[in-house]
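Residue numbers start from 1 in every chain, and the chains themselves are labelled A, B, ... in the order their sequence lines are given, proteins ahead of strands.
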There are 2 protein chains.
Amino acid sequence: MTQKKQIKLTKFEMEMMDALWQLGSGSVREIHEQLPLKKRSAYTTVQTIIRRLEDKGAVQRVKKIGNAFIFEPLITRQSAHQRLINELLELFGGSARPLMAHLAESGKLSLEDIREMESLLPEADFESDSKDTRKARNTTSKRK
Amino acid sequence: MTQKKQIKLTKFEMEMMDALWQLGSGSVREIHEQLPLKKRSAYTTVQTIIRRLEDKGAVQRVKKIGNAFIFEPLITRQSAHQRLINELLELFGGSARPLMAHLAESGKLSLEDIREMESLLPEADFESDSKDTRKARNTTSKRK
DNA sequence: GACAAGCTACTACAAAAGTAGTAAATTCAG
DNA sequence: CTGAATTTACTACTTTTGTAGTAGCTTGTC
């Protein structure tokens, strides 16, 4: 396997990665333009962040088009998100319960959501051994 | 509204607050000693963080015992946690679903947890007969 | 009332994160 | 080939966060 390394991304770096995940791959300019306006700082700033991401091993250059490098993510959005969640969970004492409770209390989580989860969960449970990592397109989010 | 509750805490500051939340209130020394060993840096470091928390309005001095000040939290663990969750949720596009999915996928969330939630949630809403009255996003945001 | 012990106040500095400028290299159009 | 546009490489500065030292103020104790 490549590197199981847990790369830590800052908030801004996450934004960059988000843009890149959306693009699939792209040049600094493309990434820059992909950023939502309010978060779009100078082109060279983006460049700097990309370089740092490269240093961290979060992205890599895959080719050159014109005189510009094309970058590609080396980590998945999934794993990055997972990392953030784990970090948060730690603060909560490692248990998901309080987190859930918070979500529910603030109305971010409906009974409907829960029901949905309930029907999804057993699957994941039983397949925890199978090595088949088929990334079903959009099983999780398609509605709403 | 007493004050603006958009206090952002760093990781370390959260640790301090955590200690203080556990204590209810306490002196710098008590807070220092409450910290888990691995995170316990110099006494003066804790002091500095407490001062910054004071500046931010996250804690306040309530009295003096001997020549030491006793501090008390000004924000609840709840609200701090909520803030963190919201921040995370933002990265996830604002929806709790992907977050839940992650939790489930990584085994952090058991079917049991879900069932538990399920039985807790309806309380906040109401029973389970009427169709969808559940758009009550924030109807009852009591004290805050 | 002099002192040791403890606490606060103030200051400092390094590392991380955010932001961006400038010079040199590359490339494409003529 | 030449020059302009574009991109990269390198450097630099600011703010925030983590970390801690030191001087001086308080206090309880003889």
Side-chain angles (χ1 to χ4, degrees), chain A residues 5-20 23 25-72 80 83-84 87 90-91, chain B residues 6-20 23 25-72 80 83-84 87 91:
Chain A
K5 210 164 114 80
Q6 285 279 57
I7 298 173
K8 188 184 169 208
L9 303 177
T10 69
K11 196 127 194 294
F12 197 17
E13 284 170 347
M14 270 296 286
E15 306 281 359
M16 296 294 125
M17 289 304 289
D18 220 36
L20 192 53
L23 290 168
S25 70
S27 63
V28 171
R29 181 146 310 269
E30 286 171 309
I31 293 169
H32 182 236
E33 271 157 17
Q34 182 71 23
L35 293 174
L37 282 167
K38 49 284 295 258
K39 295 170 179 166
R40 201 179 296 172
S41 39
Y43 174 81
T44 46
T45 300
V46 174
Q47 214 178 237
T48 302
I49 302 297
I50 298 292
R51 189 167 47 65
R52 287 181 187 169
L53 284 170
E54 221 184 332
D55 290 344
K56 288 186 178 184
V59 306
Q60 78 182 335
R61 307 166 179 213
V62 283
K63 59 179 170 176
K64 200 167 184 182
I65 288 184
N67 62 343
F69 289 112
I70 302 300
F71 294 86
E72 212 172 66
R83 189 184 195 288
L84 288 175
E87 214 171 278
E90 241 176 80
L91 283 172
Chain B
Q6 269 307 54
I7 298 175
K8 192 191 157 203
L9 302 177
T10 70
K11 197 128 192 293
F12 197 17
E13 285 169 347
M14 271 295 287
E15 307 280 358
M16 296 294 124
M17 290 304 290
D18 220 36
L20 192 53
L23 291 168
S25 69
S27 64
V28 171
R29 181 146 310 270
E30 288 172 308
I31 293 168
H32 181 236
E33 272 157 17
Q34 182 72 23
L35 293 173
L37 282 167
K38 47 285 295 266
K39 294 168 180 168
R40 202 179 296 171
S41 37
Y43 174 81
T44 46
T45 300
V46 174
Q47 214 178 236
T48 302
I49 302 297
I50 299 293
R51 190 168 46 66
R52 287 182 188 168
L53 284 170
E54 221 186 334
D55 289 344
K56 288 185 178 185
V59 305
Q60 78 182 336
R61 306 164 180 215
V62 282
K63 58 179 170 178
K64 200 168 183 181
I65 289 183
N67 61 345
F69 289 113
I70 302 300
F71 293 88
E72 212 171 66
R83 190 184 195 286
L84 288 176
E87 214 171 278
L91 284 172

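Looking at heavy atoms from C-beta onward, A/Leu9 lies out of side-chain contact with A/Leu84 at the 4.5 angstrom threshold. The shortest side-chain heavy-atom distance between A/Arg51 and A/Gln47 does not fall under the 4.5 Å cut-off.
One can find a donor-acceptor pair under 3.5 Å joining the base of C/dA20 and the side-chain atoms of A/Thr48.
Following rounding to the nearest Å, B/Ile31 (CD1) and C/dG6 (C1') show an atom-to-atom distance of 16 Å. Rounded to an integer number of Å, the gap from A/Phe69 CZ to C/dA25 P is 14 Å. The CG atom of B/Asp55 sits 11 Å away from the P atom of C/dC10 (whole-angstrom rounding). If you measure from atom CE of A/Met14 to atom P of C/dG18, you get 12 Å, rounded to the nearest angstrom. We find that NZ of A/Lys64 is positioned 10 Å from P of C/dC28, with the value rounded to whole Å. As rounded to whole Å, 11 Å separates atom P of C/dA16 from atom CZ of A/Arg52. Spacing between atom CD1 of A/Ile65 and atom P of C/dT26 amounts to 18 Å, rounded to whole angstrom units. Put simply, NZ on A/Lys56 is 9 Å from C1' on C/dA16, counting in whole angstrom units.
Base contact: B/Tyr43 has a heavy atom under 4.0 Å from a base atom. Across all strands shown, A/Thr45 has heavy atoms under 4.0 Å from base atoms, whether or not it also approaches the sugar-phosphate. Within 4.0 Å of B/Arg29, counting heavy atoms only, lie sugar-phosphate atoms of the nucleic acid but no base atom. Counting non-hydrogen atoms under 4.0 angstrom, A/Lys39 reaches nothing in the nucleic acid.
Map A/Thr44 and A/Asn67 each onto its nearest nucleotide of DNA chain D; the residue landing nearer the 5' end is A/Asn67. Nearest-nucleotide assignment on DNA chain C puts the 5′-proximal partner with A/Lys8, out of A/Gln47 and A/Lys8.
In this model, the phosphate group of C/dA9 is approached by a side-chain N or O of B/Arg61 to a distance below 4.0 Å at OP1 or OP2. Not one side-chain nitrogen or oxygen of B/Ser27 sits closer than 4.0 Å to the OP1 or OP2 atom of C/dC7.
A/Arg83 and A/Ile7 make their closest contact through CD-O, 3.3 Å (heavy atoms, listed as atom of the first residue, atom of the second, distance). For the residue pair A/Lys39 and A/Phe12, the shortest heavy atom distance occurs at O-CE1, 4.0 Å.
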Go through B/Met16 and B/Leu35 one step at a time and tell me if the side-chain contact (heavy atoms from CB on, under 4.5 Å) criterion holds. CA-CA 7 Å; B/Met16 296 294 124; B/Leu35 293 173; 3.4 Å; yes
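For A/Glu13 and A/Lys56, the salt-bridge test passes: some basic side-chain N is under 4.0 Å from an acidic carboxylate O.
Read 5' to 3', the first and last nucleotides of DNA chain D with an atom closer than 4.0 Å to a heavy atom of chain B are D/dT17 to D/dT27.
To the nearest 0.5 Å, the span separating CD on B/Glu72 from NZ on B/Lys63 amounts to 8.5 Å.
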